[in-house]
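Note sheet for the following structure.
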Amino acid sequence: MRLSFYGGAGKVTGSNFLIESVPEGSLRGGKILVDCGIEQGVDVSAADMYGPFPYDAKTINALVVTHAHLDHVGRIPKLVKDGFRGKIYMTSPTRDLAELILRDSVDILGQDAARRGIPPLYESQDVDMAFSLVETLDYHTEKEVAPGMSVYLRDTGHILGSASVRIRDEAGVAVAVSGDIGNSPSPLLPDWEPIPDADALVMESVYGDRQHPPKATRDSVLKETLQFAIRRNGTILIPAFSLERTQLMLYELSNFFAAGDLPRIPVFLDSPLAIQVTAVYEKWGLTYFKPETEDEMKREGSIFSFPFLKQTLSHEESRAIEKTLNPKIIIAGAGMSHGGRITLWEARYLPDPSTTLLIVGYQAPGSPGRRMKEGTPSVHLGGHKVSVRAKVESLEGWSAHADRDGLLKFAEAALAGKRTKAIFTAIGEPAAERFLAQRIHDYLGARAIVPDQGQTWEITKDSVKKI
Ligand SMILES: [Zn+2]
């Protein structure tokens with residue numbers, strides 16, 4: 001089999017891998033793509049984002065999607081626009097989430113293209129066409145999706161519906177791609193499952209060189225920070241990523257309120273996308289969460305809502321939040337304060353010293369969120385200069401990605417199958433990929449490779465070598 005790195009090598013975003021089985025004798029051959037993501041960041045070039053794929057989309061038999069984050073699904077409508085007509089495989093929750101995420105991205109990408117003076121990456125009809133090709137596939141069900149090539153999904157505990165992909169050809173050679181690996185144990189999701197049966201494994205490395213604080217510390221720091229902020233009698237702003245982080249925050253808040261750890265103050269979920277995503281979590285939670293959380297859902301109904309939580313879908317409802325007296329909590333997107341309703345609330349409340357801005361996620365260099373985290377006295381939001389007199393609190397450990405030691409455990413669990421000849425460290429900054437590869441080599445005595453963008457490797461039952 002051949003494995004090519006067309007995205008996500010030396011980069012956190014833009015996941016895109018091509019796995020080909022070359023026909024030989026009576027064996028058949030096919031081409032499967034794993035993920036088709038977009039590159040994200042403040043300085044992504046037009047060529048990286050809008051340029052042609054390095055393969056002919058029409059010749060690909062199938063696309064398998066690991067999970068619904070935009071850096072794994074964001075270029076699927078472009079693939080379809082460029083002629084791909086195979087089936088697209090993903091779990092049922094991923095289908096629902098990816099559709100929300102992609103439809104939400106149409107306007108944002110349209111604005112980006114207009115700024116650059118070029119046609120949009122894709123439009124609504126391309127998203128429609130993409131979803132007409134989707135076929136859902138559950139975990140632990142082997143299915144032939146290309147001539148002589150089968151796919152098998154396992155849970156990775158990263159976000160709802162996230163999966164690793166193992167692809168096997170007729171000769172029995174297997175290549176696996178981990179997708180993003182969860183920060184297990186999660187309060188909601190099952191732990192990641194090991195992949196012991198691949199000849200070569202591509203694994204993510206986002207936190208390859210960093211460690212998260214312990215979970216117990218993470219929860220108590222959140223609780224104490226909220227208690228302190230509420231005592232200051234101000235507005236608490238939480239810029240949140242719509243997918244997984246928002247649901248995790250709602251779940252934690254609901255537990256704090258139920259335990260009497262926080263006074264009952266109004267909480268607003270002010271993001272149409274996050275509201276819709278939460279509904280998908282409610283829909284699939286009973287079958288895709290970890291067993292104890294599924295039991296909790298059966299007992300309590302919703303685990304994300306509480307009596308004084310208000311979901312503000314319309315602009316009118318959103319605007320009315322201002323009339324509610326402090327203290328109150330507003331959760332809104334975008335997660336890095338680079339757009340969305342949070343910027344309106346930041347413009348309104350950041351000049352007020354009683355406000356607390358609670359940052360709970362990764363902030364890309366150059367984003368307004370990053371500048372506020374670093375203590376800037378003023379920030380540009382939607383073209384206006386806003387002075388930051390609010391207290392800015394940054395909480396660590398809320399990532400949905402495994403940390404340095406979690407990733408090493410994932411590699412160790414794969415190697416326990418005594419079959420994997422090489423592990424490729426991808427989907428990370430170059431330093432993180434190199435650090436993880438070094439540790440896999442030093443601690444586990446295994447071959448670890450940091451692949452380059454555009455490289456193709458040949459994998460057989462006996463060897464892994466660069467072509
Ligand atoms: Zn992800």
Side-chain angles (χ1 to χ4, degrees), residues 7-17 33-41 44 63-76 88-91 93-102 104-105 139 153-165 176-193 195 201-208 210 212 240-249 273-274 277 280-281 284 288-289 333-336 360-364 397-404 406-407 410 425-429 432-433 436:
K11 290 170 180 179
V12 171
T13 60
S15 178
N16 190 215
F17 309 96
L33 275 182
V34 177
D35 285 346
C36 194
I38 209 166
E39 280 199 30
Q40 292 171 305
V44 174
L63 163 66
V64 187
V65 174
T66 61
H67 66 287
H69 275 144
L70 207 56
D71 53 327
H72 296 257
V73 302
R75 293 221 290 174
I76 295 175
I88 306 175
Y89 295 92
M90 57 185 85
T91 64
T94 298
R95 178 198 58 199
D96 288 0
L97 295 171
E99 187 159 8
L100 291 175
I101 296 293
L102 285 171
D104 185 70
S105 71
Y139 300 126
L153 307 180
R154 293 181 169 99
D155 203 334
T156 56
H158 167 60
I159 62 169
L160 181 69
S162 62
S164 67
V165 177
V177 178
S178 71
D180 287 348
I181 301 162
N183 184 8
S184 302
S186 145
L188 305 176
L189 305 174
D191 290 357
W192 50 257
E193 296 179 272
I195 308 173
L201 167 66
V202 180
M203 68 178 282
E204 71 117 318
S205 332
V206 175
Y207 283 86
R210 282 167 294 165
H212 300 320
F241 297 90
S242 303
L243 187 42
E244 191 80 14
R245 195 80 40 89
T246 293
Q247 291 72 41
L248 208 49
M249 280 293 132
L273 179 61
V277 167
V280 174
Y281 270 65
W284 292 110
Y288 285 84
F289 284 162
M336 299 188 204
V360 286
Y362 174 73
Q363 305 294 313
W398 291 91
S399 170
H401 289 265
D403 64 10
R404 195 179 68 186
L407 290 171
F410 186 87
T425 55
I427 317 180
E429 298 290 341
E433 292 180 348
L436 178 63

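As the structure lists them, so they are numbered: ligands from 1, and atoms in each ligand from 1. Scope of the values below: all heavy atoms of this structure, side chains included, with no hydrogens, waters or symmetry mates. Counting from 1, the numbers follow the sequence of the chain as shown.
- Protein N/O/S atoms closer than 2.8 Å to the Zn ion (ligand 1), listed by chain and residue number, are His67 NE2, His69 ND1, His158 NE2, Asp180 OD2.
- The closest side-chain heavy-atom distance from Asn183 to His212 is below 4.5 Å.
- Nearest heavy atoms, Pro190 versus Ser184: O-OG, 4.3 Å.
- By the side chain to side chain contact (heavy atoms under 4.5 Å, CB included) test, Met249 is found to be paired with Leu222, Val360, Trp398, residues two or more places apart in sequence or in another chain being considered.
- Note that CG of Leu153 and OG1 of Thr94 are 9.0 Å apart. Values are rounded to the nearest 0.5 Å.
- With sequence neighbours excluded, no residue forms a salt bridge (charged side-chain N to carboxylate O under 4.0 Å, His left out) with Glu193.
- Applying the side chain to side chain contact (heavy atoms under 4.5 Å, CB included) rule to Asp180 yields the partners His67, His69, His72, His158, Glu204, His401, Ile427; only residues at least two apart in sequence or on another chain are considered.
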